[in-house]
Every structure is written in C-alpha cells, then in structure tokens.
Student: 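Dropping the structure in here first, questions after.
Note that the structure is predicted; figures quoted are calculated from it, not measured. All heavy atoms count here, side chains included; hydrogens, waters and symmetry mates do not.
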Amino acid sequence: MKSAEPPVVKQPRRTALRATTLMESIYQDILSRLQHDQIGDDERLLDYEIAKEFECTRMPVRQALLRLVNEGYLVATTRGFVIPVLSAVDVREIFAMRRLLEPAAAVAAAMSMDEQQLIALQAATRKCKRGHERHDMALLMQGNIEFRQTWLGAVQNSRLRNSILRFSDHSRQVRTTTRDKADTARMISHDLQAIMAGFQERDAAQIHAAVIGFIDDAEHQYFLGQDVAA
C-alpha cells in the first residue's frame with residue numbers, strides 16, 4: 001500500500017522583510033544627507049514628501065525618521081522633523097565623549113591598519129593640505145571626512161566605531177559654525193598631518209596626543225568669540 005504524501009506546509013510570505021529593507025534604505029539615505037550637510041538647519045522633513053520621493057507609503061518613512069530621532073539626529077515637531085540645535089552644554093558634552101572614545105580607537109586602528117588604508121590616509125591628508133593652500137574649504141572638508149572614514153574603517157570594535165560616528169555626526173553644528181573661521185582650515189590641515197605622522201610610525205603615544213590636540217583645537221574654534229554661557 002502506497003504511503004500518503006506528507007502535507008505541504010506553506011511558508012508565510014516575508015512581506016515584513018521587504019518593509020524593513022525599505023525602511024533601512026530610507027534611513028541610510030536621510031542619514032547620508034545629514035552627514036554631508038545636505039539638509040539645512042531651517043529645513044523640515046515631512047514624511048509624505050519623502051514617501052512620494054521613494055514611491056512608498058508613509059509607514060517606512062516614519063519608522064526611519066523616528067529611528068533618527070531616537071539616535072539624536074533629528075527632533076520631532078508638530079510640523080515635521082528638524083535638525084536639533086545644540087546648546088553650549090551639548091557641544092561640550094560631545095567633545096568630552098570624543099576625548100574618551102577617539103584617541104584609544106585611533107591607536108587601536110593603527111595597530112590593525114593595512115597598507116592600502118595607510119595610502120588612503122595619505123591621500124586624504126594631501127587633499128586637506130591642497131584645500132588649505134587653495135582656500136577651498138569644500139575640498140578640505142572632503143579630505144577630512146575621507147581621513148576619518150578611513151581610520152575608523154580600521155577599528156575592529158563595531159560598537160566603538162558606531163559610537164564615534166554618531167558623536168561626530170552630532171557635531172554637525174560645530175562643523176558648520178567653525179568652517180568659515182579664518183584659522184579652521186590651517187588647524188585641520190596641521191592637525192591631520194600630525195595624526196598621519198603617528199599612523200605612519202604606528203606610534204601609540206603620538207597618535208593619542210595628536211587626536212587629543214585635534215579635538216581640543218576644534219572645541220576652541222567653536223567657542224572662539226561665542227558667549228560660552230549661552
């Protein structure tokens with residue numbers, strides 16, 4: 001007697017995976033715009049406009065925007081989502097966290113960095129120097145971004161790397177405030193060359209001191225001429 005065939009169990013459709021993937025794409029797109037200063041301080045992000053841009057419903061857009069709120073990149077208002085305005089206390093706390101995280105991470109990165117990453121760092125350092133010499137702030141800032149992305153790419157601890165990226169992204173207001181100041185270009189070019197020298201020699205003490213110096217100089221530039229009690 002022929003045995004009965006086992007019943008076929010139908011697998012559920014994975015519509016949730018598709019929605020999650022779409023939300024992640026929207027999240028990454030908006031995050032990239034924030035990181036590259038493509039969203040203005042007075043600009044309001046509206047979920048229905050972004051949904052129209054991505055040709056989707058508002059749900060994955062709102063999920064992406066609320067995730068950015070939870071991570072501190074945006075603030076929800078009754079009229080959309082906006083970039084948060086940092087107080088002097090906020091800025092000092094960000095710099096304090098950077099001092100705790102970045103020097104040790106840069107030292108660890110130097111110990112695991114390969115030759116291609118060193119070459120990329122050298123190229124980014126030269127780009128910063130050209131930007132300074134040509135008074136081209138866009139070129140200099142691009143070199144600065146590439147330098148940071150390269151050495152962070154050598155950090156093996158993903159949680160540490162993501163924390164540093166987040167605090168760096170939150171200091172967007174600092175970047176936009178300081179980049180037009182006279183000494184900013186010189187400071188960035190000089191300090192990156194000092195960090196690069198440490199990476200080149202894989203000198204932990206030199207890297208640690210140079211990264212601290214860079215952070216201290218950036219904080220000084222931000223508060224230069226400002227009412228620090230604000």
Side-chain angles (χ1 to χ4, degrees), residues 28 31-38 71-73 91-134 136-179 183-222:
Q28 291 294 342
L31 177 60
S32 178
R33 298 184 203 181
L34 289 166
Q35 291 171 332
H36 290 84
D37 298 335
Q38 294 173 354
E71 293 176 354
Y73 290 102
V91 173
R92 291 206 184 280
E93 287 181 351
I94 288 171
F95 278 115
M97 290 303 300
R98 290 184 61 185
R99 285 189 190 89
L100 290 173
L101 298 175
E102 294 186 27
V107 170
M111 302 309 136
S112 61
M113 193 171 290
D114 60 32
E115 192 62 30
Q116 287 302 114
Q117 288 170 319
L118 277 174
I119 292 171
L121 282 178
Q122 291 167 345
T125 305
R126 289 194 297 270
K127 182 175 288 188
C128 281
K129 186 178 180 181
R130 288 199 305 273
H132 175 217
E133 293 171 346
R134 300 175 184 177
D136 185 339
M137 185 56 74
L139 180 64
L140 182 139
M141 296 306 293
Q142 184 58 39
N144 186 25
I145 291 171
E146 291 173 6
F147 189 93
R148 171 173 288 272
Q149 288 176 339
T150 300
W151 77 257
L152 280 174
V155 175
Q156 302 299 305
N157 187 321
S158 61
R159 287 178 174 81
L160 175 58
R161 181 173 62 250
N162 291 336
S163 295
I164 291 171
L165 282 169
R166 190 168 299 171
F167 280 111
S168 175
D169 292 340
H170 290 180
S171 62
R172 172 188 176 277
Q173 180 176 314
V174 177
R175 294 197 303 272
T176 56
T177 302
T178 60
R179 65 187 174 191
D183 291 338
T184 297
R186 178 202 57 77
M187 179 270 290
I188 293 175
S189 179
H190 175 270
D191 287 353
L192 289 194
Q193 289 179 62
I195 299 172
M196 182 68 239
F199 278 128
Q200 196 77 50
E201 299 297 324
R202 300 186 192 271
D203 185 323
Q206 184 174 352
I207 293 168
H208 192 281
V211 172
I212 288 289
F214 181 84
I215 296 170
D216 286 347
D217 286 344
E219 183 176 20
H220 175 74
Q221 280 293 101
Y222 177 78

Student: For the residue pair Val211 and Trp151, establish whether any side-chain heavy-atom pair is separated by less than 4.5 Å.
Tutor: no

Student: Taking all non-hydrogen atoms of both residues into account, name the closest pair between Ala185 and Leu140 and its distance.
Tutor: O-CD1, 3.5 Å

Student: Please report the interatomic distance CE(Met196) to CD(Gln206), rounded to the nearest 0.5 Å.
Tutor: 10.5 Å

Student: What distance do Lys129 atom NZ and Leu139 atom CG have between them, rounded to the nearest 0.5 Å?
Tutor: 13.5 Å

Student: Measure the spacing between OG1 of Thr125 and CD of Gln200 and express it to the nearest 0.5 Å.
Tutor: 9.0 Å

Student: Gly143 and Cys128: which non-hydrogen atoms are nearest, and at how many Å?
Tutor: C-SG, 3.4 Å

Student: With sequence neighbours left out, write down each residue that passes side-chain hydrogen bond (donor to acceptor under 3.5 Å, both in side chains) with Gln149, or none if nothing qualifies.
Tutor: none

Student: Under the ring pair (Phe, Tyr, Trp, His ring centres under 6.0 Å) rule, collect the residues that match up with Tyr73, sequence neighbours excluded.
Tutor: His170

Student: So do the side chains of Ile195 and Phe147 get within less than 4.5 Å of each other, counting heavy atoms only?
Tutor: yes

Student: Measuring only between side-chain heavy atoms, which start at C-beta, is His208 closer than 4.5 Å to Ile212?
Tutor: yes

Student: Can you list every pair that meets salt bridge (Lys or Arg N to Asp or Glu O under 4.0 Å) and has a residue in residues 136-149, with sequence neighbours left out?
Tutor: Glu102-Arg148, Lys127-Glu146

Student: Grab the two heavy atoms, one from Arg98 and one from Pro103, that are nearest each other, plus how far apart they are.
Tutor: O-CD, 3.5 Å

Student: For Ala108, which residues count as a side chain to side chain contact (heavy atoms under 4.5 Å, CB included) partner, sequence neighbours excluded?
Tutor: none

Student: Can you name the closest pair of heavy atoms from Leu160 and Ala105 and give their distance?
Tutor: CD2-CB, 3.7 Å

Student: Of all residues at least two apart in sequence or in a different chain, which pass the side-chain hydrogen bond (donor to acceptor under 3.5 Å, both in side chains) check with Thr150?
Tutor: none

Student: Would you give the length of the straight line joining atom OG of Ser112 to atom CG of Asn157, rounded to the nearest 0.5 angstrom?
Tutor: 11.0 Å

Student: Gln156 and Ala154: which non-hydrogen atoms are nearest, and at how many Å?
Tutor: NE2-O, 3.2 Å

Student: Output the distance between atom CD1 (Ile94) and atom CD1 (Ile215), rounded to the nearest 0.5 Å.
Tutor: 12.0 Å

Student: So, the side chain of Ser32 versus the backbone of Gln28: is there a donor-acceptor pair under 3.5 Å, distance only?
Tutor: no

Student: Could you check whether any side-chain heavy atom of His132 comes within less than 4.5 Å of a side-chain heavy atom of Ile188, counting everything from C-beta outward?
Tutor: no

Student: State, yes or no, whether a side-chain contact exists between Phe199 and Gln117 at a heavy-atom distance under 4.5 Å.
Tutor: no

Student: Which pairs with one or both residues in residues 200-217 pass salt bridge (Lys or Arg N to Asp or Glu O under 4.0 Å), sequence neighbours excluded?
Tutor: Arg99-Asp216

